Amino acid sequence: MTLIIDCHGHFTTEPQKHHDFRKAQVAYAEGKAHERPVYPGISDEELSVIVEGNQLRLQKERGSDLTIISPRASGMGHHIGNVDIATEWATISNDCVNRIVDLFPENFAGVCQLPQTVDGDLKPVIAELERRVEQGFVGSNLNPDPSGGRWSAPPIYDEWWDPMWEAMAALDVPAMIHVSGSCERCLHTTGAHYINADTAVFMQLIQGDLFERHPTLRLIIPHGGGAAPYHWGRYRGLSIMLEKPPLGQHLMNNLFFDTCVYHQAGIDTLFRVVDKKNILFGSELLGAVKALDPETGHSFDDTKRYIDALNLSTEDRHAIFEGNVRRVYPLLDKKLKAQNR
């Protein structure tokens with residue numbers, strides 16, 4: 001029997017005191033408050049009630065078994081403060097996720113937030129990744145634009161990033177490429193900045209030779225790969241113009257897209273264009289779009305419904321919902337095997 005593994009979930013139901021702390025921390029980081037706030041904490045009982053009433057409830061209602069969960073992506077806020085602030089915030093956010101996994105070990109696996117900053121010091125980023133993997137996390141969310149829409153970081157094929165890729169290879173973990181909040185008024189965070197970043201990184205990968213230099217590296221571009229699957233001919237053509245190998249050889253042994261595409265026609269296109277070995281089931285559970293589709297009466301982010309409507313073969317269905325995710329996240333596979341799953 002196939003496990004239904006959602007590769008893309010977030011803890012977006014934090015209690016108000018969590019948000020109040022972050023607001024106070026940001027004020028301190030920006031010099032608008034003199035006293036550094038102290039995190040009030042969330043009890044296990046409170047955390048259990050929150051998760052059971054939200055993420056766990058929707059898992060059961062929508063028919064999934066396990067969610068790879070990370071802190072709220074738009075809340076990572078890498079453009080705010082220095083390394084000290086970023087490290088404190090990543091620690092608090094990741095601790096919440098770790099406790100969710102400890103409370104519900106058969107329902108969740110953790111992916112960590114990284115303490116990235118605009119100045120780009122990768123040492124604390126790598127240290128947090130190593131610490132969380134040792135704790136049981138199965139991957140990370142990596143922000144290609146810590147500046148929040150100003151794109152001051154080097155492109156991800158640049159050698160500047162190599163220490164990060166080398167650490168990931170040594171730990172045998174993938175990264176989901178995921179930006180955070182937008183600082184730019186003209187870039188809506190979830191409707192523009194996220195999709196723009198997904199598309200920009202796909203083009204960066206075409207331009208560079210990242211996977212030739214790091215052949216075991218595995219990256220996931222969320223939100224269906226941004227615009228890439230829907231303009232595949234454009235990117236194939238640009239790859240030819242740049243004298244790069246075909247996309248299948250150049251990128252698609254190391255690059256994967258999730259199914260966070262919120263309508264049937266988009267999912268249909270994704271599956272027609274992209275090889276099924278490169279697609280992972282994801283819903284962004286309690287993420288970007290918390291609304292009912294008036295045309296269907298179902299939640300936009302109930303993406304399993306769209307995949308079920310494809311009438312996949314048993315083999316392909318297993319790959320999308322379980323096999324591909326376990327292959328891309330080997331530490332998750334190890335965790336599941338330890339649970340006899």
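Everything numeric in this text was worked out from a predicted model, so none of it was measured.
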[X] bridged to [Y] by N-O distance under 4.0 Å:
X	Y	result
Arg131	Glu134	no
Lys60	Glu52	no
Lys337	Asp333	yes
Arg132	Asp95	yes
Asp145	Arg150	no
Asp293	Arg305	no

(request) Could you pull out the closest heavy-atom pair between Leu270 and Gly224, with the gap in Å? (result) CD1-O, 3.9 Å
(request) For Ser152 and Val118, work out which heavy atoms get closest and say how close. (result)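 Residues Ser152 and Val118, closest heavy atoms: OG-CG1, 3.9 Å.
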Answer yes or no: does atom [atom1] of [X] have more than 12 heavy-atom neighbours from other residues, nucleotides or ligands under 6.0 Å?
X	atom1	result
Glu45	CD	no
Gln16	CD	yes
Lys17	NZ	yes
Arg236	CZ	no
Arg234	CZ	no

(message) Using the side chain to side chain contact (heavy atoms under 4.5 Å, CB included) definition, which of the options Val83, Asn82, Ile85 pairs with Thr117?
(response)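 When side chain to side chain contact (heavy atoms under 4.5 Å, CB included) is applied between Thr117 and each of Val83, Asn82, Ile85, only Val83 qualifies.
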Answer with yes or no whether the side chains of [Y] and [X] bring together a donor and an acceptor at under 3.5 Å.
X	Y	answer
Asp65	Gln59	no
Thr67	Gln55	no
His79	Ser147	no
Glu14	His19	yes

(message) Suppose the criterion is side-chain hydrogen bond (donor to acceptor under 3.5 Å, both in side chains): which pairs have a residue in residues 243-255, not counting sequence neighbours?
(response) none
(request) Scan for ring pair (Phe, Tyr, Trp, His ring centres under 6.0 Å) pairs involving residues 272-294, sequence neighbours excluded, and state none if there are none. (result)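 Every pair satisfying ring pair (Phe, Tyr, Trp, His ring centres under 6.0 Å) with a residue in residues 272-294: Phe281-Phe321.
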(message) Listing request: all ring pair (Phe, Tyr, Trp, His ring centres under 6.0 Å) pairs with a residue in residues 90-143, at least two apart in sequence or in separate chains.
(response) none
Residues two or more places apart in sequence or in another chain: which of them pass salt bridge (charged side-chain N to carboxylate O under 4.0 Å, His left out) with [X]?
X	answer
Asp275	none
Asp158	none
Arg327	none
Asp84	Arg36

(message) According to side chain to side chain donor-acceptor pair (under 3.5 Å), who are the partners of Gln204, at least two apart in sequence or on a separate chain?
(response)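 None.
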(request) Could you pull out all residues at least two apart from Tyr157 that satisfy side chain to side chain donor-acceptor pair (under 3.5 Å)? (result) none
(message) Between His10 and Glu284, is there a side-chain heavy-atom distance shorter than 4.5 Å?
(response) yes
(message) Side chains of Ser140 and Gln113, heavy atoms from C-beta outward: is any pair under 4.5 Å?
(response) no
(message) Among Asp301, Asp6, Asp308, exactly one meets salt bridge (charged side-chain N to carboxylate O under 4.0 Å, His left out) together with Arg62. Which residue is that?
(response) Asp301
Value rounded to 0.5 Å, distance of [atom1] in [X] from [atom2] in [Y]:
X	Y	atom1	atom2	result
Glu106	Leu336	CD	CG	9.5 Å
Ser239	Leu251	OG	CG	7.0 Å
Leu58	Ser283	CG	OG	8.5 Å
Leu129	Met164	CG	CE	4.5 Å
Arg22	Asp20	CZ	CG	13.0 Å
Asn278	Ile221	CG	CD1	11.0 Å

Are [X] and [Y] joined in one hydrophobic group, where the rule is that I, L, V, M, F, W and Y side chains link up if heavy atoms are under 4.5 Å apart?
X	Y	value
Leu331	Phe256	yes
Ile320	Ile5	yes
Trp160	Leu210	yes
Leu285	Leu66	no
Leu205	Leu242	yes

(request) Return yes if some donor-acceptor pair links the side-chain N/O of His223 with the main-chain N/O of Gly226 below 3.5 Å, else return no. (result) no
For a quick test of your reading: what N or O donor-acceptor pairs under 3.5 Å do the side chains of residues 169-180 make, sequence neighbours left out?
residue : atom : partner : partner atom : Å
Asp172  : OD1  : Arg218  : NH1          : 3.2
Asp172  : OD1  : Arg218  : NH2          : 3.2
His178  : NE2  : His8    : NE2          : 3.4
Ser180  : OG   : Ala73   : O            : 2.8
Ser180  : OG   : Ser74   : O            : 3.3
Ser180  : OG   : Met76   : N            : 3.2
Ser180  : OG   : Gly77   : N            : 2.9

(message) Using the ring centroid of each side chain, check whether Trp89 and His18 are separated by less than 6.0 Å.
(response) yes
(request) State which residues pass ring pair (Phe, Tyr, Trp, His ring centres under 6.0 Å) with Phe21; sequence neighbours excluded, sorted by chain then number. (result)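 With neighbours one apart ignored, the set is Tyr39.
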(request) Under the ring pair (Phe, Tyr, Trp, His ring centres under 6.0 Å) rule, collect the residues that match up with Trp232, sequence neighbours excluded. (result) Phe202
(message) What verdict does the side chain to side chain contact (heavy atoms under 4.5 Å, CB included) test give for Glu295 and His263, after you've listed the backbone C-alpha separation in whole Å, the side-chain angles of each residue and the deciding distance to 0.1 Å?
(response) CA-CA 10 Å; Glu295 296 179 3; His263 65 140; over 6 Å; no
(request) Report the C-alpha distance between Tyr306 and Thr296 in whole Å, list the side-chain angles of each, state the deciding distance to 0.1 Å, and finish with yes or no for side chain to side chain contact (heavy atoms under 4.5 Å, CB included). (result) CA-CA 11 Å; Tyr306 311 134; Thr296 67; 5.8 Å; no
(request) Please lay out, stage by stage, how Ser70 and Asn141 fare under the test side-chain hydrogen bond (donor to acceptor under 3.5 Å, both in side chains). (result) CA-CA 8 Å; Ser70 61; Asn141 286 340; 2.9 Å; yes
